[in-house]
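Taking it in order: structure first as structure tokens, then the write-up.
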Amino acid sequence: MRLGLAVIYPNVSHLYLHIPFCARRCSYCDFSIAVRQRVPARQYVEAIRTELEMLGPAGPLETIYLGGGTPSRLPADALTTLLQYVFNRTPSPYEGEVTLEANPEDVTSDNAAAWRDAGVNRVSLGTQSFDDRVLQWMHRVHDAARAREAVRTLRAAGFENLSLDLIFAVPAELERLWARDLDEAIALAPDHLSLYGLTVEPRTPLARWIARGAAAAPSDERYADEYLLAHERLSAAGYAFYEVSNAAREGRRSRHNSAYWSGRPYTGAGPAAHSFDGRVRRWNLSAWEAYRRAIAEGRSPVESEEVLTTEQQEMERMYLGLRTSEGLPLGSVHSRSHWLGALLEKGWLVEQAGRLQCTVEGWLRLDALVAALTGPASTS
Ligand code: SF4
């Protein structure tokens, strides 16, 4: 059976699979997840297979990203079946990047070996902090010792491409030492780091704590200080920020995420997964049960779509371009020359080799900066 989505899949080379299951909800998280003690692995793999069948024949793939949720909670045999199915659909043997998001508590020697055998060649590990009090506050399952052990286990299993996630700008009352967390992460010699500033999303435990005065709202000042410190420490340790939130050693950029930031088409499968063909963005039903039912009944799991206007495409192109260290070709911003001068003067942007790039100060204010470049409002 083919549905409307089939127009997207054959021409894209980046595949995202959303695996929504988590052991519990972290205090700051508003992602589309399904809290399950037992992961319905067989049902999940069957649903993804059916959705991919619905999408029609696959073209060549460059990257595969297993995100969540907590993909590492999918039993290793189910993950193997899933990836084998995806590989078998590609017209030639798959040799690209396969990223698995994993939580430290799921990293055992057996799992790590099975993930390698299944074809995973990059792991993005949700470490978040190396301070046990902060991890407990975040409702994470693991502690710092487990995170360090997970890195050692993954290296021993042969993973040469390892990324760590860290969350910064947590409330001051936690007395978290951000510099120490950065140093601990650097000491583990990851190939890549992703840094996320804590944001308060509605309907999260954190939002409720703040509403009743049990936690302080994150401060902008702390956010800026810690973001700048991360740049300083990671740059000194040999990591280059190639995107506003991501730093890598030479040759270790995320190819999958880089495809998003360069506006390339991608297909997503699974609950809440998004697909994009350069002009039309579609997204699936976000609740696991609703998604599973739609697939089981032979209906499209697509919840909705938006067709980007030329203006929206332009805005998106600028936003994505300025997120990256490559920036934008200067000529493509010509119509905003008035604001451009002001932004260069503020030191938020620099002009280099015919390209316009964000400085660290500019990345700190990316939303305001893009609004200034794409809208009529003044920034002065
Ligand atoms: S493990 Fe990740 S996806 Fe799951 S609740 Fe925590 S932050 Fe959200």
Side-chain angles (χ1 to χ4, degrees), residues 16-41 44 48 65-75 78-79 99-108 111 115 120 122-144 146-147 149-151 154 162-171 174 176 181 185 190 192-210 215 218 245-246 254 256-257 268-274 283-291:
Y16 174 83
L17 299 177
H18 188 76
I19 305 178
F21 310 107
C22 289
R24 62 190 189 206
R25 186 175 284 278
C26 297
S27 58
Y28 51 85
C29 179
D30 75 335
F31 293 169
S32 171
I33 64 163
V35 174
R36 294 285 186 282
Q37 291 319 305
R38 271 175 61 88
V39 173
Y44 174 79
I48 295 291
Y65 194 101
L66 302 152
T70 312
S72 54
R73 294 197 77 230
L74 193 65
L79 185 77
T99 301
L100 174 77
E101 287 184 351
N103 277 353
E105 65 273 15
D106 298 324
V107 180
T108 61
N111 274 348
W115 295 339
V120 175
R122 181 174 185 271
V123 173
S124 173
L125 194 65
T127 42
Q128 318 309 2
S129 173
F130 293 92
D131 180 329
D132 285 344
R133 284 172 322 117
V134 173
L135 290 168
Q136 280 166 19
W137 180 86
M138 289 176 175
H139 287 179
R140 301 294 299 188
V141 174
H142 71 278
D143 60 15
R146 189 70 196 253
E149 186 57 32
V151 171
L154 290 165
L162 190 55
S163 180
L164 301 184
D165 287 355
L166 289 177
I167 294 179
F168 66 98
V170 301
L174 289 169
R176 188 259 197 103
D181 261 346
H192 184 282
L193 286 124
S194 297
L195 309 179
Y196 301 102
L198 186 72
T199 52
V200 183
E201 305 299 339
R203 293 185 301 279
T204 57
L206 177 58
R208 289 193 289 276
W209 297 345
I210 292 171
S245 303
N246 288 277
S254 162
H256 185 85
N257 290 335
H274 284 56
W283 54 93
N284 283 351
L285 293 160
S286 62
W288 157 244
E289 277 304 327
Y291 167 84

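The structure displayed is predicted, hence computed values, not measured ones. Order of appearance sets the numbers: ligands from 1, and atoms from 1 within every ligand.
- The part of Cys22 lying near ligand 1 is the side chain, judged by heavy-atom distances below 4.0 Å.
- Under the 4.5 Å side-chain criterion, counting only non-hydrogen atoms from C-beta, Leu162 is not in contact with His192.
- The side-chain heavy atoms of Tyr65 and Thr99, taken from C-beta on, include a pair separated by under 4.5 Å.
- Near Gly69, meaning under 4.0 Å from one of its heavy atoms, ligand 1 places the atoms 3 (S).
- Using a 4.0 Å cut-off to heavy atoms of Asn103, the atoms of ligand 1 that qualify are 1 (S).
- Looking at Asn103 and Arg73, their side chains never bring a donor and an acceptor atom within 3.5 Å of each other.
- Residue His139 does not touch ligand 1, judged by heavy-atom distances below 4.0 Å.
- Annotation for ligand 1: atoms under 4.0 Å from non-hydrogen atoms of Thr70 are 1 (S), 4 (Fe).
- The ligand atoms of ligand 1 that sit less than 4.0 angstrom from a heavy atom of Ile33 are 3 (S), 5 (S).
- For the side-chain contact (heavy atoms from CB on, under 4.5 Å) criterion with Leu79, the lone passing option out of Leu17, Asn111, Leu66 is Leu66.
- Taking a 4.0 Å cut-off on heavy atoms, Met138 fails to register as neighbouring ligand 1.
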Please report the C-alpha distance between Asp30 and Arg203 in whole Å, then the side-chain angles of each, then the deciding distance to 0.1 Å, and finally whether the salt bridge (charged side-chain N to carboxylate O under 4.0 Å, His left out) criterion is met.
CA-CA 7 Å; Asp30 75 335; Arg203 293 185 301 279; over 6 Å; no
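- If you check which protein heavy atom lies closest to atom 6 (Fe) of ligand 1, you get Cys26 SG, 2.3 Å.
- Listed by number with element, the atoms of ligand 1 under 4.0 angstrom from any heavy atom of Phe31 are 3 (S).
- Between Asp181 and Arg176, the closest side-chain pair of non-hydrogen atoms falls below 4.5 Å.
- Relative orientation of the Tyr16 and His256 rings is tilted, given thresholds of 30° and 60° on the angle between their planes.
- Residue contacts with ligand 1: Gly126 is excluded, as none of its non-hydrogen atoms falls under 4.0 Å.
- Of the inter-residue distances, the one linking Asp165 atom CG with Leu195 atom CG reads 8.5 Å to the nearest 0.5 angstrom.
- Each of the atoms 5 (S) of ligand 1 lies under 4.0 Å from some heavy atom of Arg24.
- Taking 2.8 Å as the criterion, Cys29 does not count as a coordinating residue of atom 6 (Fe) of ligand 1, since none of its N, O or S atoms falls below it.
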